[in-house]
**Student:** 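First the structure, which I've put down as structure tokens, then a few questions once you've had a look.
Proteins come first, then strands; the chains are lettered A, B, ... in the order of their sequence lines, and each starts at number 1.
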Amino acid sequence: MDFLKDPLKVAADWLLGIFAGWGMPELWANVLIGFLGIFILVALLMVLDIFLVWIERKVVSRFQSRIGPNRVGPFGLIQPFADIIKLLIKEDTTPEGADRVLYNLAPILSMMSVLILWAVVPLAPSILGVDLNIGVLYIIAAGAIGTLSIIMAGWSSNNKYSLIGAFREAAVMLSFEIPMLTVMLIPTIFTGSMGIGAITQAQDTWFVFLAPLAAVIFLIAAIAELGRSPFDMGEAESELISGYNIEYSGMKFGMFYAGELLHAFTFGGFWAILFFGGYRFFGLEQVSAFLAIAILFFKAFIGYWIIMWIKYTLLRIRIDHMLAFNWKFLTPVAFVLLMATAFMNALLADASNWLYIGGMFLSNVLVAWISLEVARSASRRERERVEGGKAVEAHQ
Amino acid sequence: MSTETIIWLIPLPPALAFFLIVLFTNRNKALSHTIAIGAALLSWLGSMIVFARALGVEHFGEHPFESSINWLPLAGSWFKIGVLVDPLTALTLFFVAWTVLMIFIYSVGYHNFGQPEGDHDQKGLPPHGATVEEHGNKHVVPSVEPMYSRFFAFIGLFAFGMFTLVVSDNLLTLFIGWEIMGLCSYLLIGFWHGKKSARDAAVKAFLTTRVGDVFMLLGIAYLYSVTGTLSFREIFTETTLHALQLIPSGVLGFSTAGLIGLLLFIGTVGKSAQFPLHVWLPDAMEGPTPVSAMIHAATMVSAGVYTVIRMFPLLSLDAQTMSVVAFIGAFTALFAATIALAQNDIKRVLAYSTISQLGFMIAALGIGAYIAAIFHLITHAFFKALLFLGSGSVIHGMEHGVLHTGNHKVDPQDMFNMGGLKSKMPITFWTFLIGGFALSGFPIVTAGFWSKDEILADAFAHNLPVFITLAIAAFLTAFYTMRQITLTFLGEPRTEEASHAHETPWTMTFPLLVLSVLAIGYGWLGIPEDFPILGGLLPNWLHEFAGATLAHHPEAGEFHPVPLLTSFIVALGGLALGYLMYRNVNSSAEDKLQFGFLKNKYYVDEIYEAVFIKPVTWFADKAVYQIMDKGFIDGILHLFGPGTQGIGDAIRNYFDLPFINRFLGDGSANVTYFSGEKLRVIQTGRIQQYLMLALILFIAIGAVLYFFVFA
Amino acid sequence: MTIDQIIFLVVAVATLIAAFRVVTTGNLIHAAFWLIAALFGVAAIFAILHASFLAVVQVVVYIGAISILFIFAVMLTRKDMRDQGPQLNRNWGFGAFLAALALVGLVFLVHGWSGVTKTAPAFPSEFDAVSALGNALVSPDAYVLPFEVASVLLVAALVGAVYVAYNRK
Amino acid sequence: MVPLSWYLIFSAILFSIGLFGVLSRRNLVAILLGIELMLNSVNVNLAAFWRYGTVTNITGQVFAIIVFAVAAAEVSVGLALVISVYRKRNTVIADEIDMLKF
């Protein structure tokens with residue numbers, strides 16, 4: 001039973017016993033076990049990544065009324081392996097005039113920025129890489145490394161398109177970090193801690209009921225952070241051919257690609273953790289650690305599916321519109337929401353649970369409604385200015 | 001909110017309105033009057049809440065609402081200021097709030113809000129009317145007051161002063177409110193400062209009341225020096241009062257209490273326009289009519305009487321003071337009533353009647369009729385505000401006629417130019433009639449009857465000469481009131497202007513209606529218990545309530561038929577006589593009562609001119625200006641001038657020019673120039689070189705400090 | 001040497017090498033990336049010091065924002081991608097001398113200070129540095145005023161930077 | 001344990017390297033890079049003094065946070081100035097921007 005409850009500890013104790021038997025000092029043994037854990041987690045994630053490719057392709061084809069991969073293996077399940085083999089045996093080109101070190105470093109950093117995120121993901125009540133008390137900031141910090149990898153890739157490729165793509169992507173990521181960090185502070189307010197584990201523990205009521213608007217803003221910012229459509233500024237096939245990764249081929253491109261998919265899944269997971277209770281589901285997580293992991297992954301897959309849904313439904317937004325949307329709408333709304341939440345939190349500190357939830361929910365709805373009204377009137381004025389009075393009438 | 005908090009807040013809205021209007025909204029007329037009326041409404045609301053809560057308190061006189069805070073630190077203790085609402089204050093708040101609110105509303109209509117700007121109106125003069133073109137016809141309509149917002153700011157400040165005075169629990173804040181009102185009355189009487197008469201009236205009012213105020217301040221200072229406190233509740237304790245009564249003051253045989261009371265009373269004489277300081281009140285009619293109603297009928301002069309009533313426990317300690325008070329009150333009542341007989345200006349008649357009625361109250365206090373004085377104070381505030389506002393309405397209607405005919409020589413305030421307005425201005429007529437009957441003491445129905453009857457009854461019981469004087473005054477009151485009504489409203493129009501007058505807008509008539517209800521209804525609260533027939537119907541609520549203010553509850557007087565009959569006779573007789581005498585009078589020449597000495601107010605102004613003003617002017621001109629200022633002070637200055645100039649020249653020529661200019665001035669410039677020329681090469685414009693230089697110096701200085709200074 | 005010391009030395013040496021490359025490398029883009037490496041090193045030093053908040057903020061602010069800004073600026077201020085001419089000015093020798101002098105002075109001062117041999121006190125078990133820092137930043141008894149002034153400074157810098165760099169055409 | 005002096009020496013060296021960069025680089029952006037190094041060395045000192053002083057007294061970290069804010073402001077304004085200068089003068093070499101001279 002212990003193994004079902006807390007497999008990590010059981011396994012660690014078991015390994016420690018073995019290593020001690022070999023006469024290894026306890027300190028070294030612990031370090032070794034830590035590295036082993038990291039290795040296992042990363043390996044599992046990479047396997048997951050392979051299947052994400054398959055899922056993505058299947059889902060997109062269903063969106064587009066196709067069947068998708070169906071030749072290799074049952075339901076095309078072996079297809080991603082075929083893809084990998086193709087990528088592995090492709091020629092690994094490096095353009096002339098490229099900055100070799102940075103050029104080769106970029107895909108690694110890209111992958112790394114995703115993988116280090118999993119260090120703070122609470123997979124189950126007892127399975128948590130590092131319980132950082134600043135987990136929320138850590139997510140942003142990892143995003144900063146992702147930005148870095150894109151800049152590196154864009155610059156070192158010695159290609160205009162890739163540089164432009166990298167600039168755009170960096171601008172977008174820097175900009176959307178702000179509303180993202182701001183709304184991530186809202187679960188922090190509810191919890192009183194920035195630790196991801198603590199945030200999950202605190203969600204007796206899913207935070208999405210307390211802060212629906214924050215969840216929406218987080219999703220939008222996350223999509224922008226991922227560089228997925230409709231915010232895929234960095235790639236923008238029709239304008240920049242393929243943006244920052246234009247010059248990459250073979251497994252290096254594969255790492256960007258896999259990194260992007262895993263990133264999307266990871267943010268689906270963070271969405272679930274921050275707003276949908278993480279591994280919690282009516283006490284089921286207490287039954288077994290594996291059940292908790294399953295719940296978390298199920299939620300993360302739903303988040304991932306929503307991200308895909310948006311990606312394959314909406315068109316790309318122009319870069320200036322997108323930045324304006326962030327700076328003139330999303331960021332102010334996030335700030336206002338943060339202030340409103342802090343205010344309500346102080347106001348309802350001693351209120352009953354239901355009153356607290358109701359007050360929070362209503363304040364969110366109110367902020368959303370007001371900001372939409374303001375945005376609507378502003379955009380109407382803008383449209384009148386740009387198109388003149390008659391054009392507006394024609395629109396209506 | 002607790003009642004105490006509300007009381008603290010009552011005076012505040014008008015003051016805020018004053019600042020808001022003066023600082024921000026004075027360009028927007030509608031906003032300004034909205035703010036002012038809103039403020040008045042808030043104060044009204046607060047007053048009504050306080051009043052209602054006061055009614056609900058058992059033995060309110062012993063447990064008034066009071067609250068105080070530390071204000072000025074004194075050696076070892078604090079001077080406290082605070083608020084106090086006892087029955088007297090509650091009643092005063094009631095009528096002040098009502099009249100203030102009504103007057104504010106009335107002012108909107110009076111200043112022609114909503115009418116166009118005048119053709120050639122200018123600030124400081126009353127509006128002259130504007131020409132509008134309608135369907136091709138040009139005609140003249142009233143124009144809006146050019147200083148509209150300023151007016152509302154001033155009356156807002158005024159209301160602040162009045163509320164402060166009423167709710168304060170000590171003489172000092174009372175005096176502050178008192179002085180704010182003095183300032184406001186100056187500003188408002190001189191509101192149309194383009195008119196010389198208005199300017200003069202403003203200065204006169206200010207200076208005359210100042211005479212009273214100085215004595216009042218002396219009284220306050222004396223009181224403080226004797227008792228060490230100015231708080232009413234602390235002064236009116238048995239021990240303090242007893243002490244005040246026993247210590248002789250050393251002046252004319254007055255006790256300390258008597259002398260202080262007398263000094264405070266002189267303040268009231270100035271504020272409430274009692275003889276001999278009454279001269280300012282009729283002249284103050286130069287101000288806009290709402291001001292006349294506010295200052296000179298409902299509130300400010302009431303403040304004087306209120307203060308005397310407030311200090312009654314002190315005053316009543318000394319019989320000598322009381323007789324002075326009674327004498328001045330009774331004399332003023334009669335004196336002013338006689339002057340009112342011969343006045344032709346509709347507002348001046350009311351002004352003298354105000355003086356006369358205030359005399360009634362003072363006389364009532366002088367004979368110890370405390371409750372009667374309160375009662376008359378309240379009823380008088382209502383019906384006198386009503387009469388003033390009514391007269392303003394009449395004047396407004398007449399001005400309308402003047403604008404219609406275009407004959408600006410016709411004085412719209414002269415009663416002999418009116419007549420027959422009853423059918424033109426029905427609402428004004430009926431409300432004015434109610435007010436006039438209340439003033440006359442028309443039996444049973446009106447509030448004025450009950451209060452005046454109570455004064456007469458008390459006077460009959462205590463002091464017969466006063467009773468007779470007041471009875472005559474009451475008779476004259478009824479007479480000149482009916483004269484006024486007859487000349488103004490009855491008969492046929494005597495001028496074309498009068499025949500073109502018409503009713504004023506609802507903002508003016510609505511306050512009239514409200515006030516006329518109060519002018520009638522308020523009297524029913526104070527019917528004596530043993531009055532025939534009516535006595536038992538309603539309990540004498542006012543007596544119970546107001547009497548509780550004093551430590552010793554005053555007994556209701558025995559009913560006696562003589563004063564009652566007197567009241568009936570003087571009121572009805574005066575009214576009848578007035579109507580009979582004036583129903584056929586068509587011009588001032590036909591008026592048999594236009595005696596010179598009455599017309600000229602017994603030459604009091606002239607006497608003052610000769611006795612006080614002329615000598616002072618002469619002294620100021622001759623002694624102070626010619627000899628002291630011009631001869632002596634200017635002479636000294638003329639002596640200084642050339643001497644200083646000589647010294648200055650010397651310093652300039654022998655020190656400034658050679659030493660400072662040449663040596664220091666030019667020399668330093670040359671040195672700077674030369675050194676700059678040499679040093680400028682190190683300014684390379686290269687930031688890193690500067691930084692290196694700074695770093696070298698930093699390291700060098702650090703090393704020197706480390707090794708030599710701190711070592 | 002304990003593990004702590006070894007880790008510290010490795011990180012410190014790597015950081016210093018990166019920093020040295022920042023000031024000597026000819027390629028400015030490389031300099032910017034070397035700066036990123038050096039800043040990572042400093043973040044690691046913060047982590048060794050148990051200043052976890054500072055470490056993460058170092059990554060977010062310096063690497064996530066400031067370095068990217070540097071890279072942008074480097075790219076915006078050049079007509080082509082190559083660097084021309086020497087990257088050190090004529091007085092670099094004197095500059096190196098002054099920097100060395102400053103180092104000597106600082107080391108001398110550090111050496112002469114009595115508190116230099118101090119070792120770190122045990123980290124209190126129930127002490128949460130992040131919440132303590134948060135409370136200190138917004139507590140009126142502590143540092144709310146500098147915190148607000150810093151906020152104002154940031155806003156002023158934001159507006160000023162936009163104004164200065166705005167291309168009026 | 002790592003002695004305090006190691007941190008201090010480390011930050012002194014980092015500071016001197018930054019100082020050298022500030023004094024010797026020709027490019028304005030590179031000068032700013034040097035300034036960043038100097039600021040970082042200060043932060044290391046602040047954090048080290050916090051850790052080695054009274055840990056419950058958070059002043060050192062607060063100062064470091066303020067330094068972060070100042071650094072961010074400095075860089076944004078500094079780079080804006082550099083870009084502005086580059087637009088006007090078409091150079092970012094510090095020695096060539098010397099209009100403010102005799």
Side-chain angles (χ1 to χ4, degrees), chain C residues 4-5 8 12 16 19-20 22-23 28 31-32 35 38-39 42 45-46 49-51 54 57 61 65-66 69-70 73-74 76-77 87-89 92 95-96 98-100 102-103 106-107 110 116-121 123-124 127 132-133 136-137 143 146 150 153-154 157-158 160-161 164-165, chain D residues 1-10 12-21 23-27 29-30 32-34 36-37 40 43-44 47-48 50-52 55-56 58-59 61-62 64-66 68-77 79-84 86-87 92 94-95:
Chain C
D4 284 358
Q5 291 178 342
F8 175 82
L16 290 177
F20 190 70
V22 171
V23 295
L28 266 182
L35 177 72
L39 296 175
V42 173
I45 299 272
F46 285 146
L49 281 167
H50 287 84
L54 288 187
V57 170
V61 173
I66 293 181
L69 214 55
F70 270 118
V74 171
L76 284 173
T77 53
Q87 285 299 308
L88 296 176
N89 62 18
W92 74 268
L98 278 180
L103 177 61
L106 285 173
V107 171
V110 167
V116 73
T117 51
K118 248 178 153 173
T119 51
F123 207 77
F127 176 68
L133 180 61
L137 281 178
Y143 297 99
L153 175 73
L154 278 174
L158 182 72
V164 169
Chain D
M1 286 302 291
V2 184
L4 176 58
S5 60
W6 289 21
Y7 289 101
L8 299 183
I9 301 289
F10 166 74
I13 298 171
L14 194 60
F15 184 86
S16 300
I17 292 173
L19 185 61
F20 171 73
L23 291 179
S24 311
R25 298 290 294 227
R26 293 179 76 218
N27 193 309
V29 181
L32 283 174
L33 293 179
E36 290 311 309
L37 287 178
N40 265 283
N43 269 357
V44 169
W50 162 72
R51 182 72 186 87
Y52 286 76
V55 174
T56 46
I58 207 76
T59 310
Q61 288 211 35
V62 172
I65 295 289
I66 306 275
F68 280 138
V70 172
E74 171 249 32
V75 168
S76 57
V77 175
L79 290 179
L81 283 171
V82 170
I83 289 170
S84 184
Y86 181 71
R87 286 216 186 95
V92 282
D95 283 354

**Student:** Side chain, backbone, both or neither: which part of C/V22 has a non-hydrogen atom closer than 4.5 Å to chain D?
**Tutor:** both
**Student:** Measure from the ring center of C/F20 to the ring center of D/F20 and say whether it is less than 6.0 Å.
**Tutor:**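 No, the ring of C/F20 stays outside the 6.0 Å limit from the ring of D/F20, centre to centre.
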**Student:** If every non-hydrogen atom of D/A47 is compared with every non-hydrogen atom of C/L49, which pair is closest and at what distance?
**Tutor:** CB-CD1, 3.7 Å
**Student:** Please state whether the side chain, the backbone, both or neither of D/I66 comes within less than 4.5 Å of a heavy atom of chain C.
**Tutor:** side chain
**Student:** Heavy-atom distances under 4.5 Å only: say whether D/V77 touches chain C with side chain, backbone, both or neither.
**Tutor:** both
**Student:** What option among D/V75, D/L19, D/V82 has the most heavy-atom pairs under 4.5 Å with chain C?
**Tutor:** D/V75
**Student:** Determine the minimum heavy-atom distance between C/A32 and D/L33, stating which atoms define it.
**Tutor:** N-CD1, 4.2 Å
**Student:** Please flag which part of C/Y143 lies under 4.5 Å from any non-hydrogen atom of chain D: side chain, backbone, both or neither.
**Tutor:** side chain
**Student:** Under 4.5 Å from any heavy atom of chain D, what part of C/L35 do you find: side chain, backbone, both or neither?
**Tutor:**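 Side chain of C/L35 only, per the 4.5 Å heavy-atom cut-off to chain D.
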**Student:** Answer with side chain, backbone, both or neither: which region of D/I13 has an atom nearer than 4.5 Å to a non-hydrogen atom of chain C?
**Tutor:**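 Both parts, heavy atoms under 4.5 Å.
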**Student:** Could you tell me which portion of C/A38 (side chain, backbone, both or neither) has an atom closer than 4.5 angstrom to a non-hydrogen atom of chain D?
**Tutor:** side chain
**Student:** Using 30° and 60° as the class boundaries, would you call the ring planes of C/F8 and D/W6 parallel, tilted or perpendicular?
**Tutor:**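 It falls in the tilted class, 30° to 60°.
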